[in-house]
Amino acid sequence: MQLEQKSLNALLEAVKKLDNGFAGLPEFSPTAYDESRLLDVLNATAERLHDNYPYFHPLYAGQMLKPPHPVARLAYTLAMWINPNNHALDGGRATSAMEKEAVAEIASMFGWKTFLGHLCGGGTMANLEALWVAGQLRLGKKILASAQAHYTHHRISNVLQLEFESVPADSEARMDMDALRKRVERGDIGTVVATLGTTATGSVDPLPEILALREKHGFRIHADAAYGGYFGLVDNLAGHAQSAFARIAEVDSIVIDPHKHGLQPYGCGCVLFRDPNVGSLYQHDSPYTYFSSAELHLGEISLECSRPGASAAALWATQKLLPLVKRGEFAQRLERSRSAALAWHEKVQEDGRFVAAFAPELDIVAFAPRANSVSEMSAKSRAIFASAAQRGLHLAVAELPVSFFSSLEPGVRCDRETLTCLRSVLMKPEHLDWIDRIWQILASAAEASQTPKCASRSNTQP
Ligand SMILES: *Cc1c(COP(=O)(O)O)cnc(C)c1O
C-alpha cells in the first residue's frame, strides 16, 4: 500500500462529530444520489488520477510538489460538508476566525504582532496584492526584482500597469548588490522585491544589504518568501541565508505559500503587511455582503471575494498539530529536507561524472553531467532525466545561466549562455533516508545514457 488510508477512520469520526453540532435542526433528507453510479464515476476519477508522477513518494524528487499533511487533507475534507466561504462572516464565521488565528501564527513566526494579512489562492495572488499596495504607496515609481525572482512579478507589474525592471543575479543566483546599488542611486525606485528562496535554486537575496540601502533611498521592500518563508524556523541554514531570515521582520510586506512548504492543499497563499493601515486601500462598499456583524470580514481586506474556508480549516488544524516554532516537529521536517539537499550536493561534488552549482541555501539542488561543451552537457541532462524516469526516479530539468556553475573546468566549451541542468527539490523529510538509494538510481541512469552512444542519441532526439 502506497497511499495511507487509516486517516479515513478519523474522518468518519469527525464527520459524526460535526453532524452532532447540527442535531437541533428539523430532520430533512438531502437530494438523493445514485450510489452505484457515484462509485463508478469516483473509480473512473481514480483511474484518471493515475496519470500523475508519484508526488507523495521519495523517488519523486523533481518540482515543488508534495502531498498535504493528512491532518490538512482531513480538515479540508471535513469543512467540505459545510463549504464555508471566507469572503464574509456571513459565509464562514468559524473558518474566518480560524484564518485570523492561523495567519497571526504565521505573522508571529516572522516576528510581527501587529500586521494586516490574510490567506488567498496562492503566491501569485499574494504577490499581486503586495505589489498593488506597493504601487499605491509609491505612485509612479518602479518595481525592482532580481533576474532570478519569480517571473510572476514582471507579469503582475504589467497587470497593475506598474513599471518593472530586473536587477542581474550574481553567480549564486542572489540579487547582485553592486547592480542594485547603482540602480537605486538613479532614483525612481518605489519597491524592491527581495526573494527569500528563489524558485529555481532556493537562493536567498541579501536582505541585510537591501535593508541598508533602504535607509538611504526610502524604497519599500517586499519579501517574496512564497517558497522559502518557513526556513526561518530551521537551525541548519548557512550564515548568509540565516542573516536574511533574521531580518525579515523589517520588510514592508511578506508573501508565503502554505501550499508549498506548509503542508497544505493547493489554493493556500498568504500575504502580510507590517502596517495594518494599508487596510484602508482595500475599502469598498458592498450592498449585500457584510451584514452579520461589525467585526472584520476578510473580504474587506482582500482582493479576492469568495475564498475556501476549508483552506483556513486545513491550515489551522495543521498548525495546531505542528506549531510553527523553532526545534518543533514542523521545523525538524524542514531541517531534514535541508540536510538531504546538503547530502546530495556533497555526493555530486564527490562524483567525477557531475558538476554542482553553488551550495544549496535551502533544499533545492542543481547539478549537471560533465561533458566537453555546454550544449553536450545540456543534452546529457535531458538524457539522464529521461533515463532516471524510466527507473522510477523523477527529477526536474532547469535552464540556468552557465555562470551558476563556477566549478566548470576552463576546458569546457561555452557554446550556450544557459545550461540545461538537473534540479531536485527535496521537499519531503523522507528524502534524507532515501539519498543513497536515489543516488544509485541516478548513477545507473547516468551510465545508461552514456552507452551505447548512438542509442542515447536516438533516445533524446526521437
Ligand atoms: C511558487 C512561487 C510563486 C508563485 O506562487 P503560486 O503559489 O505558484 O501562485 C511566487 N514566488 C516564488 C518565490 C515562488 O516560489
Side-chain angles (χ1 to χ4, degrees), residues 55 62-68 72 103 106 110 117-134 143-160 164 166-167 169 172-175 191-207 210 221-232 241 244-245 248 251 253-272 302-304 307-308 311-312 314-315 334 337-338 341 360-366 396 398-400 423-427:
Y55 311 119
Q63 312 279 10
M64 286 174 178
L65 294 157
K66 68 170 178 181
V103 169
I106 292 179
F110 293 125
H118 61 85
L119 301 180
C120 56
T124 304
M125 257 325 281
N127 278 306
L128 178 108
E129 291 203 23
L131 295 192
W132 176 68
V133 164
I143 309 278
L144 220 55
S146 114
Q148 284 293 310
H150 197 285
Y151 63 80
T152 196
H153 294 286
H154 190 184
R155 210 161 57 175
I156 286 170
S157 299
N158 279 341
V159 171
L160 296 169
F164 175 92
S166 79
V167 186
E172 292 179 84
R174 302 165 179 161
M175 187 182 277
T191 302
V192 173
V193 176
T195 305
L196 270 62
T198 61
T199 316
T201 60
S203 297
V204 178
D205 283 344
L207 186 57
I210 301 174
I221 301 177
H222 168 58
D224 183 358
Y227 185 71
Y230 292 103
F231 280 91
F245 284 107
I248 197 167
V251 307
S253 53
I254 305 176
V255 159
I256 181 167
D257 257 352
H259 72 201
K260 286 216 178 116
H261 252 309
L263 300 166
Q264 298 309 296
Y266 284 110
C268 193
C270 178
V271 61
L272 301 164
S302 140
L303 282 185
E304 282 172 291
R307 288 193 293 111
S311 286
L315 186 63
L334 280 183
S337 283
R338 162 114 185 101
E361 287 206 272
L362 303 181
D363 59 353
I364 304 175
V365 286
E399 200 62 37
L400 297 180
R423 164 174 164 270
S424 277
V425 185
L426 301 172
M427 292 182 94

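Counting starts at 1 for both ligands and their atoms, in listed order.
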Main-chain N/O of M427 paired to S337 side chain as donor or acceptor, under 3.5 Å: yes

Do the side chains of H222 and V192 get nearer than 4.5 Å, heavy atoms only? no

Y227 and D363: side chain donor to acceptor below 3.5 Å: yes

With side chain to side chain contact (heavy atoms under 4.5 Å, CB included) as the test, would you mind laying out the steps for V425 and R423 before giving the verdict? CA-CA 7 Å; V425 185; R423 164 174 164 270; 3.6 Å; yes

From the list L144, I143, L131, side-chain contact (heavy atoms from CB on, under 4.5 Å) with H153 holds only for L131

Which heavy-atom pair separates L196 from L207 by the least distance, and what is that distance? CD2-CD2, 4.4 Å

Can you name the residues that come within less than 4.0 Å of ligand 1, going by heavy atoms only? G122, G123, T124, N127, H150, G197, T199, D224, A226, Y227, D257, H259, K260

